[in-house]
Amino acid sequence: MEVPSSFLVLSLLLSCFATTAYGVTFSSLQKTLVVTASPTQGEVLKSGDKQITVTWGFNRTFPSGTDSAYKTVKVKLCYAPISQKDRSWRKTVDEMKKDKTCQHKIVAKPYSASNNSVTWTIERDIPSGTYFVRVYAFNAQDEEVGFGQTTSHQKDTNLFVIQAITGRHMSLDITSICFSAFSIVALAGFFYMEKSKGKASQQN
Ligand SMILES: *[C@@H]1O[C@H](CO)[C@@H](O)[C@H](O)[C@H]1NC(C)=O
Ligand SMILES: *[C@@H]1O[C@H](CO)[C@@H](O)[C@H](O)[C@H]1NC(C)=O
């Protein structure tokens, strides 16, 4: 009598520990969403200017009800393997909480099986790189329960390139324009002062 109950408590504790320690893994998710995005394979888009349209919906090949726990979706911009190489801060990790593949949120919305679309202007702070789009479905506990993506499982098709026009360049340009304007004015002022000094000394 004593042994089974303590065994039960122990295994309960262990399973609690296991769930809190590991959480949701990407490999456990079913690819139940069909996702398409407007960029064509290899297209180069400039940030702060170009738009991306993403559409998604439930893949009806799966039995109806598969998505019954789906409550919200997050549409994300994700790094292709080529833009993750030698960058540990973009690393793909199977455990969702540690995964760094999809760092840029495009939009979060309530889940709907069809008629989903968003048009998004590529934000200026998106770094240059090669990307794809992934959509995650979440349940009421805010855990990932399904996904879909614009690329293949190997993440080697339908990739597009974002070229960042950094704000830094713009402000540098503005700074140098201001400096040039300032130096012209200063120079003109200096010459004017010299000239009037000269005139003043001639009059004496
Ligand atoms: C829908 O899911 C099935 C089964 O996984 C898959 O074979 C099919 O390619 C998917 N359809 C689309 C449009 O992705
Ligand atoms: C999707 O949108 C179209 C046009 O707005 C509408 O006619 C159609 O009924 C919608 N379908 C669903 C499943 O909501």
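When a ligand or atom number is given, it counts from 1 through the structure's own listing order. What's counted below: heavy atoms across the whole structure, side chains too, no hydrogens, waters or symmetry copies. Sequence positions, counted from 1, serve as the residue numbers for this chain. Since we're looking at a predicted model, the values are computed, not measured.
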Engineer: Step through the shown structure and confirm whether more than 12 heavy atoms of other residues, nucleotides or ligands are within 6.0 Å of NZ on Lys91.
Structural biologist: no
Engineer: Does the side chain of Thr150 pick up a donor-acceptor pair with the side chain of Asn158 at under 3.5 Å?
Structural biologist: no
Engineer: Which atoms of ligand 1 sit under 4.0 Å from any heavy atom of Val34?
Structural biologist: 12 (C), 13 (C), 14 (O)
Engineer: Short check: is a protein heavy atom less than 4.0 Å from atom 9 (O) of ligand 1?
Structural biologist: no
Engineer: Counting only heavy atoms, tell me which of Thr61, Thr36, Asn59 gets closest to atom 12 (C) of ligand 1.
Structural biologist: Asn59
Engineer: Start with the C-alpha distance between Tyr111 and Phe58, add both sets of side-chain angles, then the distance that settles ring-ring contact (aromatic ring centres under 6.0 Å, His included), and finish with yes or no.
Structural biologist: CA-CA 10 Å; Tyr111 174 75; Phe58 181 60; 7.1 Å; no
Engineer: Tell me if the centroids of the rings in Phe132 and Phe160 come within less than 6.0 Å of each other.
Structural biologist: no
